[in-house]
> 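Handing you a structure now.
Note that the structure is a prediction, hence the values are computed from the model and not measured. Letters go in sequence order (proteins before strands), and every chain restarts at 1.
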Amino acid sequence: MTDNSKYSRENPFDVPEGYFDMVEDRIEERIMAEESESTRGQKLIRMVMPILGLAASFALAFLLIYYPVTKILPKYTAGTTGQQSEKTKLDEELLTDYGYLDENTFFLALTSKEEPADFESDEVLSFLTSELDDYEVYAEIIN
Amino acid sequence: MINEEQLLAGLKDESTKKDAFRMLVTTYKQRLYWHIRKIVLNHDDADDILQNSFVKVWRNIDSFRSESGLYTWLYRIATNESLTFLNQKKKKMFGMDEEINDYLVENIQSDPYFNGDDIQRKLQEAIARLPEKQRIVFNMRYYDDIKYQDMEKILDTSAGALKASFHHAVKKIEDYLKSTD
């Protein structure tokens, strides 16, 4: 420095009166407060741990049930009920188709000419008599 | 007066740990306080940092390895705590170095515990405007008369770099004082 005598090395700062007398006590108080807080935290953890353990086991049990039910069962049931659901779907589609028809269109659809199929006389006879008992068949033949 | 070895032995023994720690605080509180105060330039902040430093010492005393020396270890903790404090301040001020220097100069100007005259205030302001490392090195050498050998361990910097820092600091302070005369 250019002129050392001008700028003394004396400390120009001060502290509040009696500050240094209390430092030890305040630090000890702080350490004790922090330690008791951490002990309280540990106590709380010890109290909460069983509850957390129980909750965790419930969660695990739920997962063990929930996963197979949502992931495995749908694949299995899809295989067995596939055909049935397909049939239901077809019925629903037919119903929807006829639901939108007015009366005229419906009758037209009923009376529309379709190529008659060639039936053998035996087939026709068995079809006609399928819902008749023997007595009724006999009465029909007589008349 | 108790020496460093006796103090350490007391700190390592559970039955004497509390008394030895109180003795440690009594022995080093003033030196560490002034070291911190010159870095942060505010009594309340220095008080907080001093307490933090001793709490850290209490927590880590079992892991302390005596080869580095208790005195340098304590200075190192206090320096790191002070720099952490300033870095947090700097973050709040959007990371500008100039702003942290302005904050330190304001601390000197508004300090109710500043007892120096105008010349000393001007010198303190010049020191406050230095870069962080140069400021710490200058204070440790000029006011606390700490040897470069010890400073090396405290600041984890080579003696050559510390001497260069001190030299730069002196130059900058001289320039500032000349410009404000």
> What part of B:Lys171 gets closer than 4.5 Å to chain A, counting heavy atoms only: side chain, backbone, both or neither?
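Contact with chain A involves no heavy atom of B:Lys171 at all.
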
> Given side chain to side chain contact (heavy atoms under 4.5 Å, CB included), test A:Ile31 with B:Phe21 step by step and report yes or no.
CA-CA 11 Å; A:Ile31 289 169; B:Phe21 181 72; 3.5 Å; yes

> Considering only heavy atoms, which portion of A:Glu10 lies under 4.5 Å from any heavy atom of chain B: side chain, backbone, both, or neither?
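Its backbone and side chain both get close to chain B.
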
> Side chain, backbone, both or neither: which part of B:Asn115 has a heavy atom under 4.5 Å from chain A?
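Both backbone and side chain.
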
> Below 4.5 Å, heavy-atom pairs only: which of B:Asp47, B:Asp145, B:Thr26 has the largest tally toward chain A?
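Highest number of heavy-atom pairs under 4.5 Å: B:Asp47.
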
> For residues 124-133 of chain B, give me every residue with a non-hydrogen atom less than 4.5 Å from any non-hydrogen atom of chain A.
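Heavy-atom contacts from residues 124-133 of chain B to chain A are B:Gln124.
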
> Report the residue from B:Gln30, B:His43, B:Lys29 that forms a side-chain contact (heavy atoms from CB on, under 4.5 Å) with A:Tyr19.
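Option passing the side-chain contact (heavy atoms from CB on, under 4.5 Å) with A:Tyr19: B:His43.
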
> Can you confirm whether A:Val23 sits close enough to B:Tyr33 that some side-chain heavy atom of one is under 4.5 Å from a side-chain heavy atom of the other?
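A:Val23 does not reach B:Tyr33 side chain to side chain.
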
> Decide, yes or no, whether a salt bridge links B:Arg22 with A:Asp25 under the criterion of side-chain N to carboxylate O below 4.0 Å.
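Yes, B:Arg22 and A:Asp25 are salt-bridged.
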
> Using distance alone, with no hydrogens and no angle criterion, decide if A:Glu34 and B:Trp58 have a side-chain donor and acceptor under 3.5 Å apart.
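Checked: A:Glu34/B:Trp58 side chains show no N/O donor-acceptor pair below 3.5 Å.
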
> Might you work through the side chain to side chain contact (heavy atoms under 4.5 Å, CB included) test for B:Tyr143 and A:Asn11, ending with a clear yes or no?
CA-CA 7 Å; B:Tyr143 287 107; A:Asn11 182 7; 5.6 Å; no

> Between A:Glu28 and B:Lys18, is there a side-chain N and carboxylate O pair less than 4.0 Å apart?
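Not counted as a salt bridge, because no side-chain N and carboxylate O are separated by less than 4.0 Å.
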
> If I compare all heavy atoms of B:Arg37 with all of A:Val15, which pair ends up nearest, and what's the gap?
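In terms of heavy atoms, the two residues are closest at NH1-CG1, 4.0 Å.
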
> Please report the shortest heavy-atom distance between B:Leu41 and A:Phe13, naming the atom on each side.
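Shortest heavy-atom contact: CD2-CZ, 3.4 Å.
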
> Tell me, please, whether B:Tyr142 has A:Arg9 positioned over its six-membered ring: NZ or CZ under 6.0 Å from the ring centre and within 45 degrees of its axis?
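Judged by the rule (NZ or CZ under 6.0 Å from the ring centre, within 45° of its axis), A:Arg9 counts as positioned above B:Tyr142.
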
